[in-house]
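Every number for a ligand or one of its atoms is a count from 1 in the order of the listing. Throughout, numbering of the chain's residues begins at 1 and tracks the sequence.
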Amino acid sequence: MDLLIKNGNVVTPTDTFKADIGVEGGKIVAIGSDLPKKAKDVVDAKGKYVLPGGIDPHTHMEMPFMGTTTVDDFEYGTTAAAFGGITTILDFAIQPKDKTFLDTIKLWRGKADPKVVIDYGIHLAVTNLTEDLVKEIPKVLSAGVCSFKLFMPYRKEGLMSDDGRIYSMLEESRRLGFLVQLHAENNAVLEFLIERNVAAGRLSAEYHAKSRPNFVEGEAIHRGLVLAAATGGNLYIVHMSTKEGLAELALMKAMGANVYGETCPHYLTLTDEKYLSPKGRRYIMSPPLRSKDDNEALWCGLADGTLSTVATDHCTFTNAQKDMGKDNFTKVPNGVPGTETMIPVLYSQGVGQKRISINKMVEVTSYNPAKLFGLYPRKGTLNIGSDADIVIFDPKFEMELSVKNLHSKIDYSIYEGFKVKGMPTYTFVRGKPVVYDRKFVGKKGSGKFVPRTKHQPLE
Ligand SMILES: [Zn+2]
């Protein structure tokens with residue numbers, strides 16, 4: 001046996017139990033009490049949780065956007081992820097307007113393959129849907145990519161899909177068994193509000209949020225859900241931020257549509273007051289931060305199963321990049337870091353504050369994303385035969401989050417000074433240590449592209 005993790009408290013979506021886990025050839029080969037076999041490496045996990053590796057299904061590494069590129073490349077971004085207990089990321093390959101889907105996958109794999117330190121998969125972010133490209137979809141599925149993202153906003157940035165295109169992709173998703181991811185905001189209204197604020201000279205960071213009020217997301221989510229129900233398609237709303245959107249999702253789920261929602265740690269824990277600080281532009285992302293009421297509603301949505309996943313939308317722009325919009329919120333590149341802090345923040349604020357159980361945390365950070373995105377049962381579970389993507393989590397480990405002790409290339413943290421209790425201390429990917437007792441022992445390029453199968457509905 002290559003690795004034996006002894007005496008840990010193994011966590012699944014339904015149970016927590018004491019067991020040893022044995023690993024050989026990158027796979028889990030044994031789970032039980034007092035496994036007798038010897039191993040090349042034995043780690044004692046007494047008093048610790050043993051979790052299936054986290055799956056962050058929403059990252060943007062090395063992504064060109066708003067005239068600049070996210071500063072975390074696939075090496076920095078996945079290193080930070082590994083420290084945060086993430087063993088697989090799903091990154092958005094943004095289709096250049098003149099490229100096919102297959103060319104886009106090739107382009108993204110060219111960036112990621114030599115650099116990743118954990119495993120990864122790709123979603124296709126569609127920017128220019130033509131008839132020819134619709135015909136290419138079966139080949140994209142064969143290449144291991146089974147999720148396509150469409151944007152309702154970002155018309156000026158060239159990313160927008162209109163309702164007709166969204167409808168047609170939802171029809172295809174039903175026919176071919178893939179998942180459509182939707183960035184849901186009402187583009188026409190937010191463009192109108194931005195233009196009105198800019199014309200009146202209202203250019204500070206708070207007007208980013210004021211140009212995208214809750215209903216801008218709520219209405220768009222409603223529209224997306226209606227199209228999903230009408231087509232019988234498979235729909236996943238990314239980065240949900242509002243109680244209005246949540247209510248729409250709950251209703252459509254109750255009516256039996258195959259629809260899912262994702263939220264992010266920043267929508268659970270931070271509010272739009274951040275925009276009033278001198279560095280408010282650091283918190284500019286779309287949709288924006290909301291109110292305490294929205295935070296609490298989203299926690300409830302996680303606890304009651306309305307929301308299925310938590311993802312980071314890790315999208316890193318440095319202070320200098322954010323300063324491109326020092327005097328004008330419309331010029332601030334949108335995005336915040338998160339892949340290293342997701343699980344510690346969820347644990348501290350969610351499990352620690354009794355908003356969710358640790359089993360729910362595992363469900364929304366590993367099991368559900370694995371199923372929805374076609375990684376299960378290879379990933380997302382601690383089972384015999386599954387990849388040995390394993391995290392040892394120390395619930396007593398206390399740390400004050402700071403740019404000084406995090407591993408992203410970005411030069412600030414949105415959680416600066418935030419105290420967490422509970423941190424991943426070991427991260428194994430396919431049985432190989434990447435983080436070992438909080439030290440990086442991984443290797444650039446050792447992560448693998450994971451071809452994904454069809455979307456699996458959650459029961
Ligand atoms: Zn995103």
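- The Zn ion (ligand 1) has an N, O or S atom of H58 inside 2.8 Å of it.
- The Zn ion (ligand 1) has an N, O or S atom of H60 inside 2.8 Å of it.
- If you check the side chains of Y120 and D113, you find a donor sitting under 3.5 Å from an acceptor.
- Nearest to the Zn ion (ligand 1), among the N, O or S atoms that D313 has, is OD1.
- The residues R175 and E171 are annotated as not salt-bridged, no charged nitrogen and carboxylate oxygen being separated by less than 4.0 angstrom.
- Each of K243, R290, R355 was checked for a salt bridge (Lys or Arg N to Asp or Glu O under 4.0 Å) with E296, and the lone residue meeting it is R355.
- Among E219, R212, M152, E217, the one residue that satisfies the side-chain contact (heavy atoms from CB on, under 4.5 Å) test with N186 is E219.
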